Protein chains: 4
Amino acid sequence: MSRARVKPEAQPADADTPTPRGRPRSGEAEEAILRTALEILDDAGYGSFSIEAVAARAGVGRPTIYRRWPSKLELAIEAVVRLTPPLKVIDSGDPLADFRHLVAALLPDITSSAAGRAIIALASDPGVHAGLARHLDERFLRPRRAVLADLLRRAAEAGQVRPGLDTELLIDLVLGAALYRWLVTGQPVNRQTAGQILDTVLGLAAPR
Amino acid sequence: MSRARVKPEAQPADADTPTPRGRPRSGEAEEAILRTALEILDDAGYGSFSIEAVAARAGVGRPTIYRRWPSKLELAIEAVVRLTPPLKVIDSGDPLADFRHLVAALLPDITSSAAGRAIIALASDPGVHAGLARHLDERFLRPRRAVLADLLRRAAEAGQVRPGLDTELLIDLVLGAALYRWLVTGQPVNRQTAGQILDTVLGLAAPR
Amino acid sequence: MSRARVKPEAQPADADTPTPRGRPRSGEAEEAILRTALEILDDAGYGSFSIEAVAARAGVGRPTIYRRWPSKLELAIEAVVRLTPPLKVIDSGDPLADFRHLVAALLPDITSSAAGRAIIALASDPGVHAGLARHLDERFLRPRRAVLADLLRRAAEAGQVRPGLDTELLIDLVLGAALYRWLVTGQPVNRQTAGQILDTVLGLAAPR
Amino acid sequence: MSRARVKPEAQPADADTPTPRGRPRSGEAEEAILRTALEILDDAGYGSFSIEAVAARAGVGRPTIYRRWPSKLELAIEAVVRLTPPLKVIDSGDPLADFRHLVAALLPDITSSAAGRAIIALASDPGVHAGLARHLDERFLRPRRAVLADLLRRAAEAGQVRPGLDTELLIDLVLGAALYRWLVTGQPVNRQTAGQILDTVLGLAAPR
DNA sequence: TTATAAACGAGACGGTACGTCCTGTCTTTTA
DNA sequence: TAAAAGACAGGACGTACCGTCTCGTTTATAA
């Protein structure tokens with residue numbers, strides 16, 4: 001990013017990226033690809049997700065996709081990461097309540113979307129795991145967790161949560177329980193389920 | 001219909017399965033298929049798992065597989081379910097300690113095996129979810145959870161766990177947190193990690 | 001037939017075929033197989049002719065067919081040979097006219113029937129040719145040609161055909177021309193075409 | 001090839017075939033496929049002829065074959081048609097002698113080659129007959145027959161053949177008799193057999 | 001009678017080939 | 001020089017038959 005891509009002469013700064021010659025890559029095509037990828041993930045799941053299908057539906061040549069992403073997994077992740085809106089941070093003055101609201105909104109969102117499924121598809125290929133998971137983690141999960149962790153930390157400071165607890169692990173518990181129910185037992189994770197999980201964890205974590 | 005064929009009274013139970021005609025299916029072949037399937041899942045993951053490969057390595061014709069399982073997902077699940085040993089129940093008189101030991105042994109096991117990966121691969125295809133997940137749940141997860149739930153219940157009765165907690169949800173928390181770390185962040189779930197999760201949850205759940 | 005099958009001691013003649021023990025082969029099944037085979041050949045041609053299909057439609061197990069014929073080609077030939085009625089010999093006192101009538105009836109018959117197609121299918125597999133062709137020749141073609149050759153010979157004696165001609169070759173010319181038109185050019189060989197071929201050959205062969 | 005590819009006016013002929021987009025089909029692959037197909041037909045006959053085998057031996061992907069020919073029958077015919085050399089026309093001034101020589105060379109050629117067998121394999125599937133036979137007829141048989149018919153016509157003009165005979169039918173007689181002997185009776189059609197057939201037919205057709 | 005033997009229908013077995021779909025790469029024309 | 005279009009080699013899919021091999025059952029002759 002920040003490739004500038006300015007028309008006129010210029011480019012004194014990055015002489016190592018020496019002004020791409022020839023036809024520049026089409027931003028239109030890129031967007032169409034990502035949008036289509038997400039559509040297909042939503043409609044049919046990662047199992048029916050194929051580069052072929054994305055190219056055809058997006059009206060794009062297959063090599064145009066391969067030029068950007070080396071495999072369908074990378075494409076799926078990029079689509080998820082780029083097109084999933086960030087958490088909208090709220091600050092009502094009550095960090096614990098904000099945490100609850102955010103999580104209660106987040107969980108049903110993830111577990112009913114292409115994003116969730118694509119994330120999970122990662123796990124089925126061990127060879128792929130290492131590199132991609134990090135990518136996904138850094139660009140998708142970490143920022144979202146950071147928001148939650150911050151709220152929890154402030155809740156602890158405000159005495160709403162027992163001190164000394166590992167906030168990261170608390171988040172793991174909440175997200176993990178939801179993940180487990182969704183993935184393993186196939187139950188939908190709606191607001192009610194999310195509320196039940198939050199009640200339990202935050203109840204346990206409440207100061208005595 | 002007409003089933004007659006009985007000489008004496010007999011067969012009260014399965015009057016609806018009318019004696020299979022023709023050559024019976026080969027238990028040998030079945031076993032070879034499942035064993036090979038699990039090997040491939042362990043070696044290469046679900047992504048590289050193909051009916052073709054299983055048939056070739058098991059020395060079996062492809063139709064012999066399709067006769068039994070309609071798709072590779074069903075085969076993978078069956079392999080996992082049939083070839084994963086059940087939890088070995090222990091009863092030392094201290095239910096909470098037993099719970100700890102069982103979970104601490106179970107978690108690294110699942111998250112480093114084909115079983116785990118195959119289970120997860122389920123989730124990536126929404127259309128498949130309903131039926132198969134139930135199958136997997138009933139034959140694999142439910143029996144294992146039942147053992148854990150029983151221990152927790154007895155721990156509660158013994159006063160080792162705060163009364164009034166939803167034991168099922170407690171199990172979801174423990175297993176979910178491990179699942180989350182393994183799947184999403186890619187961290188291995190070894191005995192230490194398992195211990196940390198257990199410490200936290202059981203600490204929170206301890207009677208005040 | 002005439003297998004004797006006498007109950008008592010007897011069998012002085014064929015002591016090497018010592019009366020078969022066990023259940024004798026079912027004539028019913030045999031007939032059903034051949035009838036069905038011919039039906040399928042007529043309906044769908046040799047290309048769609050499969051042992052599987054014959055067995056299924058005849059209500060017979062596949063091994064029951066293989067017990068009798070080693071391959072589908074043999075079965076097809078047997079079906080054709082056994083179920084095609086022989087030429088009905090006529091003798092009006094005018095051998096040449098009888099020849100014409102017989103051939104004019106025979107040609108459309110062969111070139112519109114399963115018999116013809118099955119015969120031809122022979123030719124496409126060189127390995128099969130030797131043995132089976134002889135079988136077909138002996139049991140199907142030779143008897144029919146014998147009738148025709150006899151008529152031609154008597155026509156020659158009666159001065160209706162130029163003497164000194166190779167009657168076998170004359171028959172080859174007539175049947176061959178019809179075969180050629182049917183097979184290679186795909187024209188149907190009806191009575192009119194047959195008449196035209198006969199007119200030409202017999203006209204050429206007429207005494208000067 | 002070279003096609004000029006001129007910018008200006010040009011292309012008056014095929015304005016409806018608007019310059020193919022994408023990578024053009026590989027002539028190399030096409031040639032390898034046809035050559036291999038003919039080899040297999042020669043070695044093993046049409047019965048053992050499979051797309052699978054052609055693809056493997058030609059070092060070509062299976063879809064590359066299906067892209068060009070919809071079935072193995074079409075491929076076989078194309079191979080025969082494209083790789084069988086045309087009749088080499090001769091004109092010694094004696095049309096009848098030329099006819100004899102040409103036919104005497106042609107018959108053993110056809111009846112001992114893959115070409116012949118592939119042509120015949122056509123006939124065994126009635127559904128296929130219509131369209132393909134025409135194709136084969138137009139591109140293979142008709143040009144060859146035209147040469148023969150022309151010689152016979154000139155022989156008739158030169159008084160070497162009785163006037164008023166149907167030359168097409170004469171050719172049918174000669175080719176048909178050879179076809180019959182080869183296919184039905186399994187006799188090889190060598191130069192001697194060819195000579196015998198020609199002697200008879202041309203003897204009959206000689207002017208009185 | 002009772003054995004014994006073989007054929008029966010059914011259907012599974014290891015295989016081969018089918019024709020389709022998708023993968024990731026390569027090549028051509030167009031912009 | 002990137003874009004779209006589309007062909008390339010390869011490989012897995014799920015299906016249809018192949019010819020063989022059990023099964024349990026039926027129908028004969030032989031003991």
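Here the structure is a predicted model, which is why all the values come from computation and not from measurement. Naming convention: chains lettered A, B, ... in sequence-line order (proteins, then strands); numbering from 1 in each chain.
Of all heavy-atom pairs between C/Ile51 and C/Ser71, the closest is CD1-C, 4.5 Å. Considering all non-hydrogen atoms of both residues, B/Ser48 and B/Ile40 come closest at O-CG2, 4.2 Å. When every heavy atom of A/Ala58 is checked against every heavy atom of A/Ala32, the shortest pair comes out as CB-O, 3.9 Å. The heavy-atom pair separating D/Phe49 from D/Ala76 by the smallest distance is CE2-CB, 4.1 Å. Here the shortest heavy-atom pairing between A/Val60 and A/Ala29 reads CG2-CB, 4.1 Å.
Between the side chain of D/Arg21 and the base of E/dT29 there is no donor-acceptor pair of N/O atoms closer than 3.5 Å.
The side chain of A/Thr64 approaches F/dA3 more closely than any other nucleotide in the set E/dT23, F/dG11, F/dA3. Minimum atom distance to the side chain of D/Tyr66 is reached by E/dG19, of the listed F/dA12, F/dT15, E/dG19. Of the candidates E/dC18, E/dT23, F/dA16, the closest approach to any side-chain atom of A/Glu52 belongs to E/dT23. Closest contact between the side chain of C/Ser50 and the listed nucleotides F/dC13, F/dC18, E/dC22 involves F/dC18. With distances taken from any side-chain atom of C/Lys72 to the nucleotides F/dC8, F/dC18, E/dC8, the minimum falls on F/dC18. Residue D/Arg68 places its side chain closer to F/dA7 than to any other of F/dT20, E/dC18, F/dA7.
Nearest-nucleotide positions on DNA chain F place A/Gly59 closer to the 5' end than the other of A/Gly59 and C/Arg62. In terms of position on DNA chain E, the residue among D/Pro24 and A/Ala53 whose nearest nucleotide sits closer to the 5' end is A/Ala53. Heavy-atom nearest nucleotides on DNA chain F were determined for C/Arg67 and for B/Phe49, and the one closer to the 5' end corresponds to B/Phe49.
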**Request:** Go through the steps for C/Trp69 and C/Ile77 under the test side-chain contact (heavy atoms from CB on, under 4.5 Å), then give the verdict.
**Result:** CA-CA 10 Å; C/Trp69 300 278; C/Ile77 291 174; over 6 Å; no
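Atom pair C/Arg57:CZ and F/dC17:P shows a separation of 13 Å (rounding to whole Å applied). In this entry the distance linking CH2 of D/Trp69 with P of E/dG19 reads 14 Å, nearest Å. Atom CD1 of C/Ile33 and atom C1' of E/dA7 are 12 Å apart (whole Å). Taking atom CG of residue D/Leu73 and atom P of nucleotide E/dG19, one finds them 11 Å apart after rounding to whole Å. Rounded to a whole Å, the CD atom of C/Glu28 is 16 Å from the P atom of F/dT26. Protein atom CZ of C/Arg25 is 7 Å distant from nucleotide atom P of E/dC8, rounded to whole Å. We find that CD1 of C/Ile51 is positioned 17 Å from C1' of E/dG11, with the value rounded to whole Å. Atom CD1 in C/Ile65 sits roughly 15 Å away from atom P in E/dG11 (whole-Å rounding).
For the atom pair OG (B/Ser26) and CZ (B/Arg68), the distance works out to 6.5 Å, reported to the nearest 0.5 Å.
Proximity of C/Arg23 to the phosphate of E/dA6: no side-chain N or O atom is located under 4.0 Å from OP1 or OP2. Listed pair D/Ser26 / F/dA7 fails the phosphate criterion, with no side-chain N or O lying under 4.0 Å from OP1 or OP2.
Evaluation of the side chain to side chain contact (heavy atoms under 4.5 Å, CB included) rule for C/Arg82 yields C/Glu30, C/Leu34, C/Glu78, C/Arg139 as partners, not counting sequence neighbours.
If one axis is set at each end of the helix from E/dT1-F/dA31 to E/dA31-F/dT1 from five pairs, those axes are 10° apart, to 10°.
Among the atoms of the strands shown, none is found under 4.0 Å from any heavy atom of A/Pro70.
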